[in-house]
Each structure stands twice: as structure tokens, then as C-alpha cells.
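Position 1 is the first residue of the sequence; numbering continues from there. All heavy atoms count here, side chains included; hydrogens, waters and symmetry mates do not.
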Amino acid sequence: GRIAYVGSDYYKSGETAAGLMNLICGQNTKVGIITGSHWILCHSERIAGFTDNVNKNYPNIQIIDTAINNDDDAESFIVTRKMLTEHPEINALYLVAAGIQGACRAVDDLGLRGKIKIISYDTTEPTCKLVRENAIIATIAQQAFTQGAKPLDILLDYVGLNIKPEKEYFYTKIEIKIKENL
């Protein structure tokens, strides 16, 4: 078994995305969700947290459709473009996984930049560039460095010094990044 978990609380980050969507979009928000896969835990947990929080607290937000992009930019372009064409009422996108560049390219291709509010994950350079260019309004950071380094620290203490971690779950901070604080 594992000795500890270091990473994001995916459900909580989904709840955070719903609250952020409410703050950004306000009334009459129609959301399209683009995910990598329903079989990947972090994707399904983000969607569950988002959906549960929307259903519980935000009657002004309606989830219109969900599409799978297999974490691929080319496929993300195709499924996002199809979703937005079939559901012109969508005014917000929740990008749960990779394929962010493809989804944003689809929005641009349809001439909808500025009309579609987009929330994504991670602070990779391509995503940060899209935030700086106003294609994405906010991205949720997951402290990738901590997720990589902390497990090694825990393992070194456990194997080298026989020190067990003080707790099982080490959740990283959920940080909201916008153009002004990248």
C-alpha cells in the first residue's frame, strides 16, 4: 500500500472551478465541459466537484454538454468546435484536462474569443500564454513542483531514516491564476 498521497484534491478543485465560473460569468451561464477521459480519476473528480457544486449552489449555471478529447489538442479542436456549433448558447467552457490549445483554437476559429469565458487547469507555458492573450480567463494551478518534490522527500525520510509521514494526504494548494498574477 501507499505511505502517503501528494497532489491535488481534484474534487475540491472542481468545486473551486464552479465557484469561479459563477464569479466570472454571473447569470445565465451555459457551460460546455471538455475532458480528457471519463476513466481518469482526476478528470472525473474535477467534473464531479464542479457538477455537485453547480447543482447545490449555482442555479444560474447550466451544464449543456460534455465532450472527450483524449488529452489531444487536435481532437480537442474538433470536439470543441463541434460542441460550440451544435450548442450556440454555450457561453463558457470548463477545460478539465489537456487539449487546452486545441479548444482555444476552436473558439478562435469560430470568432468567439471574448464571448466564451474559459477556465482551465495548470500553469504550463502554453496555457499561461493563452491566459496572457485573454483566450483563457483563469487557470487553476496545482503546484506541479510540490507534487514532484514532496513525494521524494517523504520517501527519503521513510526509507532512509525510518520516519513515517505525519499524515496520509498532502493536498497541494488550489491557486487561481489570472493574467495579472502569472
Side-chain angles (χ1 to χ4, degrees), residues 1-2 4-21 25 29-56 58 61-87 89-110 112 116-131 135-148 151 169-177:
R2 72 172 175 224
Y5 168 83
V6 178
S8 181
D9 181 337
Y10 301 117
Y11 186 87
K12 180 61 93 182
S13 72
E15 289 180 317
T16 301
L20 185 58
M21 187 74 71
C25 297
T29 303
K30 310 288 187 192
V31 180
I33 298 173
I34 308 294
T35 187
S37 169
H38 290 301
W39 300 108
I40 297 175
L41 181 65
C42 70
H43 301 175
S44 61
E45 286 291 304
R46 287 173 181 164
I47 292 170
F50 183 88
T51 302
D52 289 351
N53 199 17
V54 163
N55 291 338
K56 183 178 178 185
Y58 303 115
I61 298 175
Q62 182 182 1
I63 299 168
I64 302 298
D65 197 6
T66 300
I68 297 170
N69 69 11
N70 293 305
D71 287 329
D72 180 77
D73 277 312
E75 193 167 340
S76 192
F77 173 81
I78 292 166
V79 300
T80 303
R81 194 174 195 295
K82 180 178 187 268
M83 178 188 288
L84 294 174
T85 302
E86 291 177 356
H87 300 285
E89 71 275 21
I90 289 176
N91 57 12
L93 286 174
Y94 176 40
L95 306 180
V96 176
I100 292 168
Q101 289 176 289
C104 289
R105 193 166 50 90
V107 169
D108 286 348
D109 189 60
L110 293 169
L112 296 173
I116 304 282
K117 305 295 185 200
I118 300 174
I119 294 174
S120 68
Y121 283 91
D122 295 324
T123 50
T124 62
E125 188 47 44
T127 299
C128 289
K129 182 177 186 282
L130 290 165
V131 172
I136 296 172
I137 197 142
T139 192
I140 299 174
Q142 304 177 95
Q143 299 184 322
F145 179 81
T146 300
Q147 287 190 47
Y169 293 96
F170 293 84
Y171 289 119
T172 56
K173 293 178 189 174
I174 298 170
E175 298 177 327
I176 298 168
K177 297 293 188 176

For the side chain of [X] and the backbone of [Y], is there at least one donor-acceptor N/O pair under 3.5 Å apart?
X	Y	result
Asn70	Asp72	no
Asp9	Tyr171	no
Tyr5	Ser8	yes
Asn91	Ile116	no
Ser76	Asn69	no

In Å and rounded to the nearest 0.5 Å, what is the [atom1] to [atom2] distance from [X] to [Y]?
X	Y	atom1	atom2	answer
Thr66	His43	OG1	NE2	13.5 Å
Ile63	Met21	CD1	CE	9.0 Å
His87	Ile64	NE2	CD1	7.5 Å
Leu95	Leu130	CG	CG	9.5 Å
Glu125	Cys128	CD	SG	5.5 Å

Where do Tyr58 and Thr29 land on the side chain to side chain contact (heavy atoms under 4.5 Å, CB included) test, with the steps shown first? CA-CA 10 Å; Tyr58 303 115; Thr29 303; over 6 Å; no
Within a strict 4.5 Å, meaning less than it, do heavy atoms of the [X] and [Y] side chains meet?
X	Y	result
Ile118	Cys104	yes
Lys177	Val131	no
Ile176	Thr16	yes
Leu84	Val107	yes
Lys117	Leu93	no
Ile174	Lys12	yes
Val31	Ile90	no

Between side-chain atoms of residues 46-54 and protein atoms elsewhere (two or more places apart, or another chain), which donor-acceptor pairs fall under 3.5 Å?
unit_1	atom_1	unit_2	atom_2	d
Arg46	NH1	Val96	O	2.5
Arg46	NH2	Gln142	OE1	2.6
Thr51	OG1	Ile47	O	2.8
Asp52	OD2	Tyr11	OH	2.6
Asn53	OD1	Asn57	ND2	2.5
Asn53	ND2	Glu15	O	2.9

What closest approach, in Å, do [X] and [Y] show between heavy atoms, and which atom pair accounts for it?
X	Y	answer
Leu20	Ala138	CD2-CB, 3.7 Å
Ser44	Leu41	OG-O, 3.1 Å
Ile119	Ala17	CD1-O, 3.9 Å
Ala92	Cys25	CB-SG, 4.0 Å
Gln147	Val6	CA-CG1, 4.1 Å
Ala4	Phe170	CB-CE1, 4.0 Å

Which residues pass the side-chain contact (heavy atoms from CB on, under 4.5 Å) test with Lys56, not counting sequence neighbours?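 Not a single residue meets the side-chain contact (heavy atoms from CB on, under 4.5 Å) criterion with Lys56.
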[X]: partners by side chain to side chain donor-acceptor pair (under 3.5 Å), with sequence neighbours left out:
X	value
Thr85	none
Thr80	none
Gln62	Lys30

Hey, mind stepping through Ile100 and Asp122 against side chain to side chain contact (heavy atoms under 4.5 Å, CB included) and telling me if it holds? CA-CA 10 Å; Ile100 292 168; Asp122 295 324; 5.6 Å; no
Check the side chains of Tyr94 and Tyr121 for a donor-acceptor pair under 3.5 angstrom, ignoring hydrogens and angles.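 Note: Tyr121 and Tyr94 side chains meet the donor-acceptor criterion.
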Just by distance, with hydrogens left out, do Thr127 and Thr124 show a side-chain donor and acceptor under 3.5 Å apart?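 Thr127 vs Thr124: donor-acceptor pair found between side chains.
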Worked check of side chain to side chain contact (heavy atoms under 4.5 Å, CB included) between Lys173 and Thr146: CA-CA 10 Å; Lys173 293 178 189 174; Thr146 300; over 6 Å; no
Sorted by first residue and then second, give each side-chain hydrogen bond (donor to acceptor under 3.5 Å, both in side chains) pair with at least one member in residues 32-42; sequence neighbours left out. none
What I want to find out is whether Lys82 reaches Glu86 closely enough, with some N-O distance under 4.0 Å, to be called a salt bridge.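 Result for this pair is yes, salt bridge flagged.
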Could you go through the side chain to side chain contact (heavy atoms under 4.5 Å, CB included) check for Ile34 and Met83 one step at a time? CA-CA 9 Å; Ile34 308 294; Met83 178 188 288; 3.6 Å; yes
